[in-house]
Amino acid sequence: MTERDDAVSLGEAHDLEAVRDALVEWYEADHRDFPWRQTDDPYAILVSEVMSQQTQLGRVVEAWEEFLERWPTTAALAATDRADVVGFWTDHSLGYNNRAKYLHESAQQVESEYDGSFPESPEELQELMGVGPYTANAVASFAFNNGDAVVDTNVKRVCYRSFSVPDDDAAFETAANDLMPDGRSRVWNNAIMELGGVACTQTPRCDEVGCPWREWCDAYASGDFTAPDVPTQPSFEGSRRQFRGRVIGTLREYDELEVDPLGHRIRVDYAPDGEYGREWLTGLLSDLEDDGLVTLERGGSPAETVARLQR
DNA sequence: GTCCGGGAGC
DNA sequence: GCTCCCGGAC
């Protein structure tokens with residue numbers, strides 16, 4: 001037993017069927033329709049995965065379409081000169097040329113070792129050059145509905161916040177696989193990555209996008225939205241101005257809010273008694289009050305102060 | 001010689 | 001995120 005024996009499995013703490021159904025329903029009702037979500041061609045999916053590893057999704061769409069137009073199959077790609085592929089990579093600002101080299105080489109592998117048709121298991125897919133555990137799972141899932149849970153930073157963030165999974169790679173993998181419904185890796189991995197991509201973002205948008213896990217989510221309950229990949233200190237200057245803006249934005253959504261819940265929605269590293277806590281926020285709110293933007297209702301204790309937008 | 005973890009570089 | 005390289009263990 002390599003697992004921590006004091007860890008409570010997700011299945012014991014939650015109705016997993018309900019949790020799974022809620023996410024899949026949410027995903028199927030509405031999601032971003034990237035072109036690679038409309039194919040099950042493993043080659044096209046591999047190309048999208050390799051491109052996505054280093055480039056913003058928006059930019060990838062155009063490059064992906066052009067790449068597949070030029071080299072529609074592994075056979076076409078394998079037959080071309082490596083220099084052409086690297087050239088394409090550079091022309092489209094796709095980052096490290098190594099990936100182009102790996103893609104070219106993996107196409108040749110599929111042609112020579114697999115007779116032109118992709119293997120379907122994550123284990124075999126990993127034999128391809130440039131394809132590690134992550135990409136193998138993604139291709140197996142999206143092309144063949146035959147993968148395990150994909151664990152990227154989005155998925156980690158979701159698990160960490162929703163179910164308080166400890167910041168530990170093995171724990172994330174176990175949790176992600178416990179959550180995934182058997183035999184549904186295609187829709188599931190799309191759905192949980194979509195959740196991390198549009199709802200459970202670094203600054204969370206739970207209510208704005210109607211996160212389907214709010215009723216089970218530890219972070220939503222506590223207001224603590226810290227996560228492994230979220231910087232504890234804001235990286236850029238002028239943060240006070242930034243936070244004034246967030247206060248206003250948040251108060252437009254909630255009629256009124258007490259200081260602590262407000263603080264947690266303003267900055268992920270908010271802690272009532274911390275450096276950027278209640279004292280800091282109260283100062284910020286007082287300034288906004290002086291500027292005629294916010295109304296404060298002082299309660300019995302500092303924590304009971306309620307803020308609303310001045311009408 | 002082979003397997004594994006860590007760190008560097010793309 | 002993946003490969004490559006190195007050092008240590010066996």
Side-chain angles (χ1 to χ4, degrees), chain A residues 1-4 34 36-37 42-61 63-64 67 74 77-78 81-110 112-114 118-119 121-144 146-160 165-177 180 185-186 188-190 192-197 200-202 227-231:
Chain A
M1 182 68 122
T2 64
E3 294 297 309
R4 298 168 36 200
F34 296 115
W36 46 85
R37 281 181 171 168
Y43 168 64
I45 289 170
L46 176 61
V47 173
S48 81
E49 286 300 329
V50 172
M51 287 182 173
S52 305
Q53 283 173 202
Q54 53 198 294
T55 316
Q56 272 71 49
L57 257 36
R59 182 165 200 80
V60 169
V61 173
W64 183 80
F67 191 97
T74 51
L77 184 60
D81 285 336
R82 169 159 305 168
D84 292 341
V85 189
V86 174
F88 180 99
W89 220 253
T90 306
D91 292 346
H92 292 75
S93 314
L94 287 168
Y96 309 124
N97 309 232
N98 260 349
R99 316 280 173 160
K101 198 179 77 183
Y102 294 153
L103 209 44
H104 183 237
E105 203 164 325
S106 66
Q108 296 183 146
Q109 274 181 280
V110 170
S112 63
E113 295 172 26
Y114 295 93
F118 272 73
S121 72
E123 294 73 24
E124 293 174 291
L125 284 162
Q126 238 184 110
E127 302 295 320
L128 301 176
M129 183 58 75
V131 177
Y134 177 88
T135 308
N137 252 315
V139 174
S141 294
F142 302 139
F144 305 112
N146 188 37
D148 297 317
V150 164
V151 183
D152 68 354
T153 60
N154 284 339
V155 174
K156 289 181 186 177
R157 192 170 56 248
V158 168
C159 290
Y160 183 90
V165 175
D167 182 6
D168 172 293
D169 285 349
F172 284 130
E173 200 173 316
T174 312
N177 278 296
M180 190 180 92
S185 58
R186 173 154 31 209
W188 180 261
N189 285 324
N190 270 317
I192 194 164
M193 290 173 84
E194 184 77 357
L195 189 71
C200 202
T201 41
Q202 291 204 337
D229 65 326
V230 175

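Every chain is numbered from 1, with letters handed out A, B, ... down the list of sequences. Since we're looking at a predicted model, the values are computed, not measured.
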If only side-chain N and O atoms count, and only distance matters, is there a donor-acceptor pair under 3.5 Å linking A:D229 with A:T153?
no
Output for pair (A:R157 CZ, A:D167 CG), nearest 0.5 Å, gives 12.5 Å
Round to the nearest Å and state the distance from [X] atom [atom1] to [N] atom [atom2].
X	N	atom1	atom2	result
A:D169	B:dG6	CG	C1'	14 Å
A:M129	B:dC10	CE	C1'	14 Å
A:E127	C:dC2	CD	P	14 Å
A:K101	C:dC2	NZ	C1'	12 Å
A:E105	C:dC4	CD	C1'	13 Å
A:N98	C:dT3	CG	C1'	8 Å
A:L103	C:dT3	CG	P	13 Å
A:Y96	C:dT3	OH	C1'	14 Å

Check your understanding: How are the rings of A:F67 and A:W89 set to each other: parallel, tilted or perpendicular (split at 30° and 60°)?
Key -> perpendicular
Quiz item: Contact class for A:V131 vs. all strands (heavy atom < 4.0 Å): base, sugar-phosphate, or nothing?
Solution: sugar-phosphate
- [ ] Give A:N97 one of three labels, base, sugar-phosphate or nothing, depending on what nucleic acid heavy atoms sit under 4.0 Å from its own.
- [x] nothing
Among the nucleotides B:dC10, C:dT3, C:dC2, whichever has the atom closest to the side chain of A:Y102 is C:dT3
Should A:K156 and A:D169 count as an ion pair when the cut-off is N to O under 4.0 Å? yes
